[in-house]
*Asks:* 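Let me give you the structure first, and then I'll get to my questions.
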Amino acid sequence: MFRPVTSKPDFVAQEHEILALWRDRRTFARLRAQNAGGPKWSFLDGPITANNPMGVHHAWGRAYKDLYQRFHAMLGEDQRFQNGFDCQGLWVEVNVERDLGFTSKRDIEAYGIDRFVTLCKQRVLTYAARQTEQSIRLGMWMDWNDPADLRRLGELLGHEPSAVTTIEGPDGPVTDTVEMLVGRLGMPDIGGSYFTFGNENNDLIWGFLAEVHRRGWLYKGHDTMPWCPRCGTGLSQMEMNEGYQDREDPGLTVRFPLVDRQGESLLVWTTTPWTLTSNVAAAVGPNVRYVKVRQGEDRFWLGKGTLKTALQGPFTVEEEVAGSELVGWRYTGPYDDLPAVRSAFADEYEHRVVLWDEVGEDEGTGIVHIAPGCGSEDYQLGKMLGLPVVGPIDEDGRYLDGFGWLSGLDAPNVAQQIVDDLERRGFFYHLEPFTHRYPHCWRCATPLLYRLVDEWFIAMGPVYDQPRETLTTEQVEASLRYQIMEVVDRIRWIPDFGSDRELDWLRNMHDWMISKKRYWGLALPIYDCGACGTIDVIGGREELHARAIAGWEAFEGHTPHRPWVDGVRIACSRCGAPVERIKDVGNPWLDAGIVPFSTLHYREAPDYWAQWFPADFITESFPGQFRNWFYSMLAMSTVLKRQEPFKTIFGYALVFGEDGRPMHKSWGNAIEFDEAADRMGVDVMRWMFAKARPEENILFGWHAADESRRELLILWNVYAFFITYARLAVWTPAEAAPPVADRPVLDRWILSRAAGTAAVVEDRLRDVDAVGATRALSAFMDGLSTWYLRLSRRRFSRSDDARDRVAAFATLHEALVATCRMLAPILPFLSDAMYGNLVTTVDGTARDSVHLTGWPTAELAGHRDERLEASMASAQGAVDLARTLRSIAQLKTRQPLAGAWLALPDRGLAVGPDLLRLIADEINVKAVTIIDDESALIERRVKPLLPKIGKRLGSSIPAVIAAARSGDVRFEADGSVTLAGITLAPDEVEVQATPRPGTAVAEDDGLVVVLDTALTPELIAEGDARELQRAIQDLRKEAALELDDQIDLWVGALPPAVATHLPSVATETLAEVVEGEPPAGLPQATVELDGGPVVIALRRHADDG
RNA sequence: GGGGGAGUAGCUCAAUCGGUCAGAGCGGCGGGCUUAUAUCCCGCUGGUUCCAGGUUCGAGUCCUGGCUCCCCUACCA
């Protein structure tokens, strides 16, 4: 017997029960064992940053991951399920700093890098544990560590990292120091999630960097780069994107007095007053005209096109020249007296005017302040012209020594002091706020500065100014970016615009800045010899050991992180001098990019790697990843193997609040994952996610969840109905049922629909189209509930025909089980809860989870009957039309009518007696008759199929359409038709029936229904009987009686014609009619019948008397 | 600043190769069915398909220009 089922399910509680079942029965482990050795489908998990609890935006992507892994598991495919965590990088550091109340890198160094790095590791372990729990709650089935183990390691790490401890692995216990166990997480002997801070991960990146160096693509760049003064680090091009914000800066116009032209000055505009200390030149444009203007005693030079905007007050133009005329003029800089400037200018340099193509007149004065120490374009220009460089600020954005009163001040905050100073010394001209887009640190929102730095880069190779297909092999060999593009071409991008985005990024990508002047991250294995300038790059831990000349003992036993690895020295490969590692750590996208190698055991098990590489599938949110994970994987895989790291990539957009804005705590539209899981349940969430169009942002909120839940409740109610009546009837699947071919048309229809849906959903999911899959599933569930079940209810509840009843139960059972299997990848909890009751409780030999069953397409295929499905669609259309007619005629569906007529479009459909009976029942008429186009009620109409004839007929189309509309048609013997003198072949038109004017009919796309609206006394009496029955059922419901309670019924005086129906009404309502007046106090009601009001009353029939 | 995409009902979105009447869901209003249903069905309401031109027998769809929004990209001083 099935377990009883409530009609008001608590999905959340049920999900927790299912989680417990999966755990107790080891369902996931059994699934993997079942599929072991099957065809491989390689999924690679993009690592989630283990730095905070998981958000609902993560849940969207992780729902996709789980959906497709479960689906492919149902196809019997063998998979890797390894979960991954991203661990290293500034985002973790920033949070640890915040916890400690630190404000600068000096705080970290004073605290101790070793303790700081340990805290970073602990934070990662803490949130890895938390995210693991949340992912389990989401229903994900992945290979990960017991969260308790991660927490224990984190705790031990804080106390005694070198203590030896033991952890349970898949093949037995593993013993090592705490620190090394943490470094070995995710390796085969320990199992579970991979962590990008792992030893193997770092080691393989070293190998990658050594290879890059071997090919000559690694270099140290001296340049001005965007710099975050709070984080004390440069930003790579990848990181620059998020942080552009509108910002108001001082728009300052200063005067640079000309040395050789007494009383004359250049006017120069800047939005970064702090860079004025570093001015070495003023640039003019070759195609810009310059004028000298007089204002009072002053003479100013500026671009002609900027006169109106740049100058304040009245002026007189005295002279006009080309930009080239100004070149070479010497001027006095505003900060020439500062010691740093004096020493930079020591070899006789003087400020002068230079020519630069980029100068324009859109903003400012047409004369550009050039400070090569404070801007990268300035730097390039300065390099070309041999200008001195004055770099004014340190890592924290403070002025260095040698800048007089400015030394020690925060550069971004000195604008007002500089203005005051310039004003006092006569350099000031005008100040006006200026709003522009300005880059900010993506991590801490601090406005960036441009700072002179040494950083490490991977060269991307030249960009050729020619179409890619015209490149020679030599050109491609010389340019990494084009090699990556070739790899991109071999990947399927979904949605397909992804490919263009990635190629666009690669075309515009500058050299990849991989260094960061921070603490927690990949230790770059670069050894830069101070003695001879040789650069050695170490390709792995073993190589480091072999080449170490000092410090190895102290390092041994530690993970390859700062500060421990910093103490190891090697001998320079050229001059033999002892060399230290550079202090920088690596760009964190290196960590994630190596994952297709490190997690697949590229180094220690090449055969295994070759089986799983490239991945068949990855999925991540598109925004951002083109230049991050996708890019780094592509770059590393191209360098190491010249091969695509994944074959298909599915991208999706962002999760927004229900109000269409990004989720933001202070806006009140943010929803935490845990809260969503507790209140809406994760299946509801997963259904929303699966239905959402991936290329659009999803608007996530409680109302959307309610809509989603309603859909699941429809299914649940079908299921609850089935269970209720199967229990009453004591039916189980063991009972022999008639062959499907012998079952009623509705049964054959719903099973055909199930078969068709399974095929469509499989096709859609294989094609990574969850939207298409959910649409097909929604349509199927709707048909199951509102058509199949609604029309079949009597067969379950009170059928006299035992054989028919068994057919109904068997059909609905099979349809529901098929539904569970089709829903399993999307709704793992609901589907398994229903399946458990539908199958496991009654069949001890069946698999005990829906997730262990295979995908059902093949099993259902025999049920498919597409012709029947099309005919049923017509029947449904006919019912809709009849309802419309009833509504217009104000005849309730309860009122029986004598008959209806039906005309079908000419589509070769067969609506046999079965379907006519079904339509008749549904619209409550005695009989439905098919009419043909000879009937007096309708006439034939021709619908020209425009897409077919349009090209052939051209301008005569309007006449053809007009003729078709007016019915001016000649039907030819061969089936062709003539309209407006033009003959159309049979396959160029569709012949439809349409109503002749003046009859009571409804029509839709050739389907015509005519309703006999005449009421006879017999029909009215029958309608009254139905009304009476409904009132009794209402009253039963009101009295809260059980479905199978017998009742005593009192009915007031009825007209004789209605009274004849009373016995059947009594049967329907399980009533025994009692004569006389009802006892007082019983539930009663008044029914408005055609013959007048009638009072009814009832009570539960006493069991024994 | 450069490049790309999108504008369809109050909201979220459909509309096949250019094809006859631009449709759903949600919302609102009215009605109906129902002892599976907090479901569902029917009807009504709601549209200058962003604007202006053009191509075509025919344009939501293609072309040109404009407006608005989004995304990508960018240190123009």
Side-chain angles (χ1 to χ4, degrees), chain A residues 5 7-8 224-226 237 240-241 244 251 268-272 275 282-283 356 358-360 362-371 374-378 436-439 448-450 497 500-501 504-505 508 622-623 626-627 653 658 660 693 695-697 699 703-704 706-707 709-711 713-714 716-725 782 785-787 789-790 793 796-797 879-888 890 892-894 922 924 943-951 953-961 964-965 1030 1032-1034 1036-1038 1040-1043 1045 1069:
Chain A
V5 161
S7 62
K8 294 182 172 56
T224 47
M225 297 288 293
Q237 190 192 356
M240 286 292 290
N241 181 51
Y244 279 88
V268 171
W269 183 72
T270 180
T271 56
T272 48
T275 65
W356 187 29
E358 302 298 312
V359 175
D362 296 340
E363 285 162 350
T365 63
I367 303 177
V368 178
H369 152 58
I370 300 294
C374 305
S376 89
E377 286 185 336
D378 301 35
H436 59 157
R437 299 278 288 172
Y438 193 83
L448 301 179
L449 306 172
Y450 284 80
F497 63 79
D500 291 337
R501 289 259 191 95
D504 189 54
W505 167 255
N508 295 306
F622 262 3
F626 291 104
R627 63 179 166 279
E658 212 155 27
R693 300 196 322 145
E695 63 270 40
E696 304 279 340
N697 294 331
L699 306 185
H703 293 99
D706 284 342
E707 261 187 59
R709 178 183 298 102
R710 263 200 291 274
E711 265 190 271
L713 278 173
I714 293 173
W716 182 268
N717 284 316
V718 175
Y719 160 73
F721 174 94
F722 169 83
I723 294 293
T724 303
Y725 286 99
D782 186 66
S785 167
T786 65
W787 193 248
L789 185 60
R790 199 163 49 77
R793 274 175 301 195
F796 296 92
S797 56
V879 168
D880 277 357
L881 291 173
R883 289 221 184 92
T884 304
L885 286 174
R886 276 184 175 274
S887 179
I888 293 165
Q890 299 204 310
K892 293 180 178 181
T893 307
R894 267 199 299 282
E922 183 62 8
N924 197 17
K943 179 176 164 183
L945 299 173
L946 288 175
K948 281 193 177 171
I949 62 171
K951 289 231 163 53
L953 298 186
S955 60
S956 40
I957 292 269
V960 171
I961 292 175
R965 283 206 182 131
R1030 187 195 59 80
I1032 295 166
Q1033 301 289 28
D1034 266 2
R1036 283 184 62 115
K1037 200 174 187 177
E1038 235 171 86
L1041 299 187
E1042 294 298 322
L1043 287 183
D1045 281 338
T1069 55

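The basis for the numbers below is simple: all heavy atoms, side chains too, and nothing from hydrogens, waters or symmetry mates.
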*Asks:* Who does A15(B) pair with, Watson-Crick or G-U, both distances under 3.5 Å?
*Replies:* none

*Asks:* For Val268(A), report the nucleic acid contact type (base, sugar-phosphate, nothing); a contact means any heavy atom under 4.0 Å.
*Replies:* nothing

*Asks:* Pro226(A) and Leu448(A): which non-hydrogen atoms are nearest, and at how many Å?
*Replies:* CB-CD1, 4.0 Å

*Asks:* Given 3.5 Å as the limit, does a donor-acceptor pair link the side chain of Asn717(A) with the main chain of Leu713(A), or not?
*Replies:* yes

*Asks:* Quote, to the nearest angstrom, the P distance that separates U68(B) from U56(B).
*Replies:* 32 Å

*Asks:* Using the C1' atom in both, what is the distance from U35(B) to C29(B), to the nearest Å?
*Replies:* 29 Å

*Asks:* State which residues pass side chain to side chain donor-acceptor pair (under 3.5 Å) with Arg709(A); sequence neighbours excluded, sorted by chain then number.
*Replies:* Asp706(A)

*Asks:* Does A36(B) have its OP1 or OP2 closer than 4.0 Å to a side-chain nitrogen or oxygen of Tyr719(A)?
*Replies:* no

*Asks:* Taking only N and O in the side chain of Arg627(A), is any of them less than 4.0 Å away from OP1 or OP2 of U73(B)?
*Replies:* yes

*Asks:* Should the side chain of Ser785(A) and the base of A36(B) be counted as holding a donor-acceptor pair, with the cut-off at 3.5 Å?
*Replies:* yes

*Asks:* Would you kindly give the CZ-to-C1' distance between Phe721(A) and U37(B), to the nearest whole Å?
*Replies:* 11 Å

*Asks:* Counting any heavy atom closer than 4.0 Å, what does Leu789(A) reach on the DNA or RNA strands: base, sugar-phosphate only, or nothing?
*Replies:* base

*Asks:* Should G1(B) form a Watson-Crick or G-U wobble pair with both distances under 3.5 Å, which nucleotide is its partner?
*Replies:* U73(B)

*Asks:* Taking OP1 and OP2 of U34(B), is either one under 4.0 Å from a side-chain nitrogen or oxygen of Arg894(A)?
*Replies:* yes

*Asks:* Once you apply the 3.5 Å cut-off to both distances, tell me the Watson-Crick or G-U wobble partner of A9(B), or none.
*Replies:* none

*Asks:* Write down the distance between CZ (Arg790(A)) and P (C41(B)), rounded to a whole number of angstrom.
*Replies:* 9 Å

*Asks:* Base, sugar-phosphate or nothing for Ser376(A)? Non-hydrogen atoms, less than 4.0 Å.
*Replies:* base

*Asks:* Quick check for you: among A36(B), C57(B), C40(B), whose closest atom lies nearest to any side-chain atom of Ile957(A)?
*Replies:* C57(B)

*Asks:* With a 3.5 angstrom cut-off on both distances, give the Watson-Crick or G-U wobble partner of G43(B), or none if there isn't one.
*Replies:* C29(B)

*Asks:* Tell me which nucleotide among A36(B), C40(B), A38(B) gets nearest to the side chain of Ile714(A).
*Replies:* C40(B)

*Asks:* Could you say whether Arg1030(A) or Gly360(A) is positioned toward the 5' end of RNA chain B, judged by the nucleotide with the nearest heavy atom to each?
*Replies:* Arg1030(A)

*Asks:* Please state the C1' separation for the pair C13(B) and G27(B) - nearest whole angstrom.
*Replies:* 15 Å

*Asks:* Using atom CZ of Arg710(A) as one end and atom P of A24(B) as the other, report the distance to the nearest whole Å.
*Replies:* 18 Å

*Asks:* Output the single nucleotide from U37(B), C57(B), A77(B) whose closest atom is nearest the side chain of Asn717(A).
*Replies:* U37(B)

*Asks:* Determine the contact category for Trp505(A): base if any of its heavy atoms lies under 4.0 Å from a base atom, sugar-phosphate if only primed atoms, P, OP1 or OP2 are that close, otherwise nothing.
*Replies:* sugar-phosphate

*Asks:* Between U61(B) and A15(B), how far is it from one C1' atom to the other, in whole Å?
*Replies:* 10 Å

*Asks:* Taking atom types as they are modelled, would you say the side chain of Arg1036(A) forms a donor-acceptor pair with the base of U35(B) within the 3.5 Å cutoff?
*Replies:* yes

*Asks:* Expressed in whole Å, how much space separates the C1' atoms belonging to C72(B) and A77(B)?
*Replies:* 25 Å

